[in-house]
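Here the structure is laid out as structure tokens; the discussion comes afterwards.
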2 protein chains.
Amino acid sequence: MRFYSWNVNGFRSVMKKGFMDWLEETEPDVLSLQEIRCEWEEVDLGVRRQLESAYDICWFPATSKKGYAGSATLSKKELGFSHTKGLGIDGYDAEGRMIVSKKDKLVFIAGYFPNASQGLVRLPFKRQFAKDLAAIVAKHHKAGHQVILTGDMNVAPEEIDLARPKDNTKNPGFTPEEREDFKLYLGAGLADVLRERNPTTPGLYTWWTARGGARERNVGWRIDLFLTSRTLLDQVKETAIHADVLGSDHCPISLELK
Amino acid sequence: MRFYSWNVNGFRSVMKKGFMDWLEETEPDVLSLQEIRCEWEEVDLGVRRQLESAYDICWFPATSKKGYAGSATLSKKELGFSHTKGLGIDGYDAEGRMIVSKKDKLVFIAGYFPNASQGLVRLPFKRQFAKDLAAIVAKHHKAGHQVILTGDMNVAPEEIDLARPKDNTKNPGFTPEEREDFKLYLGAGLADVLRERNPTTPGLYTWWTARGGARERNVGWRIDLFLTSRTLLDQVKETAIHADVLGSDHCPISLELK
DNA sequence: CGTGATAAG
DNA sequence: CTTAACACG
């Protein structure tokens with residue numbers, strides 16, 4: 001089973017840049033999208049029909065602000081995933097952040113983790129989000145479920161995960177607080193799959209600022225991740241960063257289970 | 001002497017669409033621009049230098065709202081026009097609407113007349129503007145000056161001046177009130193030069209809505225005009241609408257004096 | 001429908 | 001630098 005996650009930075013934008021071609025080439029089994037930034041009804045009708053024919057679609061735009069954030073999860077119809085919008089916590093759910101999808105004992109939790117924002121004005125919000133989400137993960141583990149947590153986590157866990165760690169210790173995405181909070185997910189029994197398998201490989205990034213050719217020079221950050229229950233690690237066939245896929249300031253990432 | 005007026009709908013926008021080429025081909029002696037929608041400092045430095053080398057420039061952006069309205073008058077340096085920003089009435093001057101330029105007994109008053117706006121919410125403002133401006137024109141006439149009044153007047157004076165008069169009697173730019181107020185300028189001793197010379201020619205328009213190919217079908221309005229003192233009429237060599245000049249939803253108009 | 005400001009990333 | 005909402009025309 002092949003899982004994908006992609007922050008598309010505007011679904012309507014990425015649609016104009018060949019999203020459907022990518023989807024048909026890639027045929028993910030389960031796909032999480034972040035920053036969809038539109039209602040389902042704002043998507044081209046032909047595209048909606050086409051997607052609906054193949055996928056169970058959970059479209060979860062923000063209700064708090066038009067054109068902001070939002071996430072979606074699509075799963076191949078034949079897989080029979082059940083999708084639930086939100087974590088049951090209004091502050092996050094109003095921004096369309098996380099979708100919880102289940103099949104048997106597998107829980108796929110995916111979406112758009114908060115950005116600490118300029119001046120770190122949303123750092124408190126983001127910290128609470130991490131605490132709440134880690135508790136939810138721990139609860140699933142206690143219940144005997146296996147968890148995949150993915151999406152744009154808006155944090156680079158370690159120095160190796162961004163090109164300019166020294167310059168960014170006070171910037172959103174690489175503050176000590178965000179890095180500390182990232183460990184809550186690990187403490188809840190999850191592992192950062194790509195880093196487990198590539199403990200010392202630098203230059204593995206999933207996001208590059210649009211300013212000044214950062215992507216061409218691979219001056220980026222690894223902030224889109226697949227975390228899985230440690231008990232799932234030996235079922236991982238492959239995990240990858242698809243940096244060649246354009247259309248957004250993020251690239252897609254994938255996880256294949258045996 | 002050749003006078004031009006053009007609502008450029010954003011000077012930076014029209015700059016990207018060949019404004020400088022048009023200027024070099026056209027070489028107006030005096031040029032009024034409306035809806036410049038930027039500060040002088042926001043214009044490309046090379047362009048500023050180039051313009052400043054040939055013209056006395058009066059750049060008059062709105063101070064009330066960034067990127068809104070504003071007007072400019074440029075006159076060939078050798079002509080020695082003196083330019084004054086505004087009519088001395090704060091409500092209009094804060095929006096950078098009118099510039100008064102003088103040379104000897106000639107007064108060139110040019111700029112961006114108010115739009116009555118959706119729901120006619122600014123009709124009272126526009127009516128007061130017309131009264132005030134007509135009084136200023138009358139005062140110049142009393143003082144023995146000759147007046148050229150031009151710009152985007154945001155009113156089509158007569159049914160012949162727009163393609164769909166019947167559909168627009170309640171719409172901004174063709175209400176009975178705006179048409180009545182237009183006559184205040186005539187009552188102050190001015191004449192609508194193009195209409196004087198072409199009393200029955202339909203299809204002479206200077207603005208076309210950007211929606212749905214109106215310009216290609218010439219479904220437009222004549223709302224950019226040259227009015228002159230009646231005593232100036234026999235000095236008019238030519239007046240024209242340059243509908244072939246693209247770059248804005250308005251086209252330039254011109255008046256040549258002998 | 002297009003220009004420009006603005007919020008957000 | 002880019003997406004999208006918005007104000008204004």
Side-chain angles (χ1 to χ4, degrees), chain A residues 7-17 34-39 42-43 61-62 64-70 95 112-122 125-126 152-155 171-173 206-216 219-221 223-224 246-250, chain B residues 7-17 19 34-39 42-43 61-62 64-70 95 112-122 125-126 152-155 171-173 207-216 219-221 223-224 246-250:
Chain A
N7 178 324
V8 292
N9 190 24
F11 187 71
R12 285 168 298 179
S13 167
V14 87
M15 277 300 308
K16 294 180 207 146
K17 298 173 183 164
Q34 301 99 43
E35 285 204 270
I36 53 173
R37 300 178 69 176
C38 68
E39 310 283 326
E42 293 173 305
V43 174
S64 61
K65 200 183 293 195
K66 211 166 143 48
Y68 174 70
E95 297 179 350
Y112 182 44
F113 296 44
N115 186 309
S117 298
Q118 283 316 109
L120 304 176
V121 292
R122 291 203 100 189
F125 179 81
K126 184 176 187 175
D152 173 1
M153 302 198 181
N154 265 316
V155 59
N171 289 339
T206 65
W207 174 80
W208 305 263
T209 177
R211 290 155 244 200
R215 190 159 184 174
E216 294 66 51
V219 178
W221 300 48
I223 58 179
D224 302 86
L246 305 179
S248 165
D249 50 349
H250 296 250
Chain B
N7 179 324
V8 293
N9 190 25
F11 187 70
R12 286 167 297 180
S13 166
V14 86
M15 278 300 308
K16 293 181 208 145
K17 299 174 185 164
F19 175 85
Q34 302 99 43
E35 285 203 270
I36 53 174
R37 301 179 67 176
C38 67
E39 311 283 326
E42 293 173 305
V43 174
S64 61
K65 200 184 293 195
K66 209 165 143 51
Y68 174 69
E95 297 180 350
Y112 182 45
F113 297 44
N115 186 307
S117 297
Q118 282 316 107
L120 304 175
V121 291
R122 289 203 102 190
F125 179 81
K126 183 175 188 178
D152 174 1
M153 303 198 181
N154 265 316
V155 59
N171 289 339
W207 174 80
W208 305 263
T209 177
R211 290 156 244 200
R215 190 158 183 175
E216 293 67 50
V219 178
W221 300 49
I223 59 180
D224 302 86
L246 305 180
S248 164
D249 50 348
H250 296 249

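In the text below, chain A, chain B and the rest are named by the order of the sequence lines, each starting its count at 1.
Here the CG-CD distance, from A/Asn115 to A/Glu35, works out to 8.5 Å after rounding to the nearest 0.5 Å. For the atom pair NZ (B/Lys66) and CD (B/Glu39), the distance works out to 6.0 Å, reported to the nearest 0.5 Å. Distance check: B/Asn7 CG to B/Met153 CE gives 12.5 Å after rounding to the nearest 0.5 Å.
In this structure, B/Arg12 contributes its side chain and B/Arg37 its backbone to a donor-acceptor pair below 3.5 Å. A donor-acceptor pair under 3.5 Å is absent between the side-chain atoms of A/Lys126 and the main chain of A/Pro172, judged by distance alone. At least one donor-acceptor pair closer than 3.5 Å links the side chain of A/Asn154 to the backbone N or O of A/Phe113.
By the 30° and 60° cut-offs, the orientation of the rings of A/Trp207 relative to A/His250 is tilted.
To the nearest angstrom, P of D/dC1 lies 14 Å from CG of A/Asp249. Between the P atom of D/dT2 and the CG atom of A/Asn7 lies a distance of 16 Å, rounded to the nearest Å. Here D/dC1 presents its C1' atom at 14 Å from CZ of A/Arg215, a figure rounded to the nearest Å. Atom CG in A/Asn115 sits roughly 14 Å away from atom C1' in D/dT3 (whole-Å rounding). D/dC8 atom C1' lies 13 Å from atom CG of B/Asp152, rounded to whole Å. The CH2 atom of B/Trp207 sits 14 Å away from the P atom of C/dG2 (whole-angstrom rounding). Taking atom CD of B/Glu42 as the reference point, atom C1' of C/dG4 lies 10 Å away to the nearest angstrom. Going from atom CZ of B/Arg211 over to atom P of C/dT3 covers 13 Å, rounded to whole Å.
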Any N/O pairs under 3.5 Å between the protein and nucleotides 6-8 of chain C? List them or say none.
| residue | atom | partner | partner atom | Å |
| --- | --- | --- | --- | --- |
| C/dA8 | OP1 | A/Lys65 | NZ | 2.2 |

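Sequence order on DNA chain D of the closest nucleotides to A/Val14 and A/Ala210 puts A/Ala210 first from the 5' end.
Contact annotation: A/Ser13 side-chain N/O to D/dT3 OP1/OP2 distance is under 4.0 Å. The shortest distance between the side-chain N/O atoms of A/Lys17 and the OP1/OP2 oxygens of D/dT3 is below 4.0 Å.
Counting non-hydrogen atoms under 4.0 angstrom, B/Glu35 reaches the backbone sugars and phosphates but no base.
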